[in-house]
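Reading through the structure tokens given below for one structure.
None of the values given here were measured: they were computed from a predicted structure. Here is the naming used below: chain letters follow the sequence lines, and residue numbers restart at 1 for every chain.
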Number of protein chains: 2
Amino acid sequence: MKWSFDHDRPIYTQIIEQMKLFIASGEYRAGEKLPAVREMAQEAGVNPNTMQRAFSELENAGLVFANRTSGRFITEDINMVEKLKEELASEAVRSFLDSMKRIGYDKAKTIELIEKSIEERGDDKDE
Amino acid sequence: MKWSFDHDRPIYTQIIEQMKLFIASGEYRAGEKLPAVREMAQEAGVNPNTMQRAFSELENAGLVFANRTSGRFITEDINMVEKLKEELASEAVRSFLDSMKRIGYDKAKTIELIEKSIEERGDDKDE
DNA sequence: ATTATTGTATTAACTACTTAATACAATAAT
DNA sequence: ATTATTGTATTAAGTAGTTAATACAATAAT
């Protein structure tokens, strides 16, 4: 269940986003070797070209690097990984608050809703 | 500045989303008449067909209705509007918490970040 | 040296979204 | 009755993402 895509956005964009999440969360660790493009493409159920395209952008961002032919690896720069994590979180918060504002909820109501929702999810198995 | 689109999702989808926000927030009120399709298309800078497509889906959802030729109107069902608002908020909260979890933040850290962010935004002009 | 594995590039076809131009359908306004 | 306004439908062309098939490039493994 590693990969899942919706239908109204480019797949390669979603691969980039999900890889960023995997890197930020430590599911893929700094310096870790990745499976081959063809293999990841098969796992994800997409064409190798599509997977390749996603990774070529992740390389431009410096988050992964490729050594022909030993394979592809997550960056070894743990500062970059930490920075990525903070950026993703910051963007998640920003866009959430923006959405709530546009829907018509003020700060107090937003805090109220999120705390209530977290309480209700308190018995979830993970965190 | 009413409409704004990004480039990696279908425009008609984004129109639907933004219209839902306008309806939920009361920017467009229940029963209110909408501008003509051609006019809205011009304002948004898109083709009339694209605008039409978005509204035909909003009609399927029951959020608007069209009277040829008097124009198109927001639903008069205020319960539906209220329900829409709650659904949008619920989805925003759900996806936010999911994102934070995938990035690797636990409940406590998530609450901490959002409260901190709201404090920092406390001097904003609106809400 | 040869082979297998890996990343990378190329070309063609297919699909969905968007635009453009135009026409038709219904009815409110005159 | 005529006209203008509105929603709606149709057809063709353009663009971007995806798939498919294939080939090339570099090097680790043998």
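Here C/dC17 presents its P atom at 11 Å from NE2 of A/His7, a figure rounded to the nearest Å. Rounded to an integer number of Å, the gap from B/Asn47 CG to C/dA20 C1' is 6 Å. Put simply, CG on B/Asp8 is 14 Å from P on D/dA16, counting in whole angstrom units. Rounded to whole angstrom, the span from the CD1 atom of A/Ile16 across to the C1' atom of D/dG17 amounts to 13 Å. If you take CE of A/Met51 and C1' of D/dT19, they are 14 Å apart, rounded to a whole angstrom. Taking atom CD1 of A/Ile15 as the reference point, atom C1' of D/dG17 lies 12 Å away to the nearest angstrom.
B/Glu115 places no side-chain N or O within 3.5 Å of a backbone atom of A/Ile111 that could act as its donor or acceptor partner. A donor-acceptor distance shorter than 3.5 angstrom exists from the side chain of B/Asp77 to the backbone of B/Met80, with no hydrogens or angles considered. A/Gln52 places no side-chain N or O within 3.5 Å of a backbone atom of A/Val37 that could act as its donor or acceptor partner.
Base-pairing analysis of DNA chain C finds the following stems of at least three consecutive Watson-Crick or G-U pairs, with both pairing distances under 3.5 Å: C:1-30 with D:1-30.
A 4.5 Å side-chain heavy-atom check between B/Phe96 and A/Met100 finds every atom pair outside the cut-off.
Residue A/Tyr12 places none of its side-chain N or O atoms closer than 4.0 Å to OP1 or OP2 of D/dT18.
For A/Lys33, the NZ atom counts as densely surrounded, since its 6.0 Å shell holds more than 12 non-hydrogen atoms of other residues, nucleotides or ligands.
Taking A/Phe65 as the reference, A/Phe73 meet the ring-ring contact (aromatic ring centres under 6.0 Å, His included) condition, with sequence neighbours excluded. Scanning for side-chain contact (heavy atoms from CB on, under 4.5 Å) contacts around A/Leu21 gives A/Leu88, B/Arg102, B/Ile103, with sequence neighbours left out.
Judged as a salt bridge (Lys or Arg N to Asp or Glu O under 4.0 Å), the pairs with a partner in residues 39-68 of chain A (not counting sequence neighbours) are, in order, A/Glu59-A/Arg72.
Relative orientation of the A/Trp3 and A/Phe22 rings is perpendicular, given thresholds of 30° and 60° on the angle between their planes.
For DNA chain C, the neighbouring residues in residues 53-75 of chain B, judged by any heavy atom under 4.0 Å, are B/Arg53, B/Arg68, B/Thr69. Residues from residues 33-42 of chain B placing a heavy atom under 4.0 Å of any atom in DNA chain C, listed by number, are B/Arg38.
Taking a cutoff of 4.0 Å between a charged side-chain nitrogen and a carboxylate oxygen, B/Glu112 and B/Lys109 qualify as a salt bridge. Salt-bridge check for A/Lys20 with A/Glu91: failed, with every basic side-chain N at 4.0 Å or more from each acidic carboxylate O.
A residue-by-residue look at B/Gln52 and A/Pro10 shows that B/Gln52 has its nearest nucleotide of DNA chain D further toward the 5' end.
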